[in-house]
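Input: a single structure, listed below in structure tokens.
Chain letters run A, B, ... following the sequence lines, proteins first and then strands; every chain starts at 1.
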Protein chains: 2
Amino acid sequence: MSGLTIGKVARETGVGIETIRFYERQGLIAEPARRPSGYRDYAPAIVERLHFILRAKDLGFSLKEIGELLSLRVDDGRTCDDVYSRVMAKRADMEQKIRHLERMKRALARMAAACKGAGPRGECPILEALKHEDEGEAGDWR
Amino acid sequence: MSGLTIGKVARETGVGIETIRFYERQGLIAEPARRPSGYRDYAPAIVERLHFILRAKDLGFSLKEIGELLSLRVDDGRTCDDVYSRVMAKRADMEQKIRHLERMKRALARMAAACKGAGPRGECPILEALKHEDEGEAGDWR
DNA sequence: CTTGACTCTGTACTGTACTACGGGGTGTAG
DNA sequence: CTACACCCCGTAGTACAGTACAGAGTCAAG
């Protein structure tokens, strides 16, 4: 019994047909089985994989990085420890991004509060707001 | 007395000279004063601004979005209400990015946990972990 | 068996964000 | 005064991530 055509996968995931083929060329998804006609014949698991790719992309990962995330399973020669450390590195990356976003968010909140009063009229209010935010935190951002 | 040349700014920020000129063309940084020779003459504040651009870029904002963040101020013709609502919109953007990053982080933590006990030789079911991550959490991510 | 939606491959094009010249002028240390 | 690093502008090329055809074959409903 056959699985999904590329069109069905596209409709179920919201990813364009051309894009799915593009991801295949980039090695992000495996080459699927083919029907006698040559049509691609996908297992349902492809949907999960494409959802993951979409989400990771939305978080600012490049396709190359996503490929790395997706290949974080133990290939021959790679130990589980290696995989573990790569996962933890990504996790630390995200924690830092979250911290920075929260700082920026607080800066925006400060601007909004200022707006209730006189309003932000400085050269660049967001930089001013971040400056106040910087107090007490070392400039550790890279 | 004169400020920084483009080369000094480049060295202090790690941003290439060509890139600084590019940002100027894109309107992310103001056209600086010029020396009689025509050389760009930057005030030290440019360094802060470039650091902000770098960080925002790292957080997944496009140059266009960064330009919007940097221009959040009340100037002629713009009301405080307008700025306020734009600030709140950016804040919501950031909150969404944070939520996505946190979900991703949890997924990675789960993957790491699955890896931990398996030892150097066995299976490391990363793709399984991804599958489980996708269910249960409402698919609200777009 | 025709018609229309669907799929195939391959190539070309788009937008974003740089990056790299080429051919000149500038500034300063020796 | 001459190297030599630095700067100017403009244009062109690169990498990434798609997106859009063209021309041909496939599948299923009527």
Side-chain angles (χ1 to χ4, degrees), chain A residues 1-43 46-47 49-70 142, chain B residues 1-43 46-47 49-71 93 97 100 142:
Chain A
M1 159 190 168
S2 51
L4 302 160
T5 62
I6 198 169
K8 270 176 182 286
V9 174
R11 253 166 275 135
E12 276 190 43
T13 58
V15 177
I17 289 176
E18 312 284 351
T19 306
I20 294 173
R21 288 201 278 252
F22 173 71
Y23 287 165
E24 186 182 315
R25 283 198 297 282
Q26 302 303 300
L28 288 175
I29 55 184
E31 288 188 23
R34 299 291 185 131
R35 294 179 188 177
S37 61
Y39 282 24
R40 285 171 181 78
D41 193 10
Y42 291 99
I46 190 72
V47 175
R49 202 174 174 96
L50 284 169
H51 278 324
F52 181 84
I53 292 171
L54 282 178
R55 186 158 51 191
K57 218 163 55 68
D58 190 49
L59 293 173
F61 289 96
S62 68
L63 295 192
K64 191 161 164 280
E65 285 175 317
I66 294 169
E68 285 170 20
L69 282 173
L70 285 168
R142 199 173 267 262
Chain B
M1 84 179 192
S2 53
L4 302 161
T5 63
I6 197 169
K8 269 176 181 285
V9 174
R11 253 166 276 135
E12 273 189 44
T13 58
V15 177
I17 288 176
E18 313 283 349
T19 306
I20 294 173
R21 286 201 281 253
F22 173 72
Y23 288 165
E24 186 181 314
R25 282 198 299 282
Q26 302 302 300
L28 268 74
I29 54 183
E31 287 188 22
R34 297 293 183 129
R35 295 180 185 175
S37 60
Y39 281 25
R40 286 170 180 79
D41 193 9
Y42 291 99
I46 189 71
V47 174
R49 203 175 173 94
L50 283 169
H51 279 158
F52 176 82
I53 292 171
L54 283 179
R55 186 158 47 191
K57 225 161 52 66
D58 187 50
L59 293 174
F61 291 98
S62 69
L63 295 191
K64 187 158 167 284
E65 287 173 315
I66 294 168
E68 285 165 15
L69 282 170
L70 285 168
S71 69
D93 278 3
K97 273 186 201 291
H100 289 187
R142 194 174 274 269

Under-4.0 Å side-chain N/O to phosphate OP1/OP2 contact, A:Arg34 with C:dT9: yes
Cationic tip of B:Lys57 above B:Phe52 ring, under 6.0 Å, 45° of axis: no
Any A:Asp41 side-chain heavy atom under 4.5 Å of A:Pro32 side chain: no
Reading 5' to 3' through nucleotides 12-24 of chain D, protein heavy-atom contacts under 4.0 Å coded B for base, S for sugar-phosphate only, - for none: -----BBSBB---
Between P of C:dC18 and CD1 of B:Ile20, the distance in whole Å: 12 Å
B:His100/B:Lys97 under side-chain contact (heavy atoms from CB on, under 4.5 Å): CA gap, chis, key distance, verdict: CA-CA 5 Å; B:His100 289 187; B:Lys97 273 186 201 291; 5.8 Å; no
Passing candidate, side chain to side chain contact (heavy atoms under 4.5 Å, CB included) with B:Tyr42, options B:Val47, B:Thr5, B:Ile20: B:Ile20
Whole-Å distance separating the CD atom of A:Glu24 from the C1' atom of C:dC8: 12 Å
Nucleotide-resolved protein contact map, nucleotides 25-30 of chain C, B/S/- at heavy-atom distance under 4.0 Å: BBS---
Phosphate OP1/OP2 of C:dC6: any A:Thr5 side-chain N/O under 4.0 Å: no
Spacing of A:Lys64 atom NZ and A:Leu28 atom CG [to the nearest 0.5 Å]: 12.0 Å
Length of the line joining A:Lys8:NZ and D:dA28:P, which is rounded to integer Å: 11 Å
Residue A:Arg40, side-chain heavy atoms: nucleotide from D:dC9, C:dC8, C:dC6 that is nearest: C:dC8
Test side chain to side chain contact (heavy atoms under 4.5 Å, CB included) applied to A:Arg11 - qualifying residues, sequence neighbours left out: A:Lys8
Pairing of B:Glu24 and B:Arg40 as salt bridge, 4.0 angstrom limit: yes
Side chain proximity check, B:Thr13 to B:Ile46, heavy atoms < 4.5 angstrom: no
Spacing between A:Ile17 atom CD1 and D:dT26 atom C1', to the nearest angstrom: 14 Å
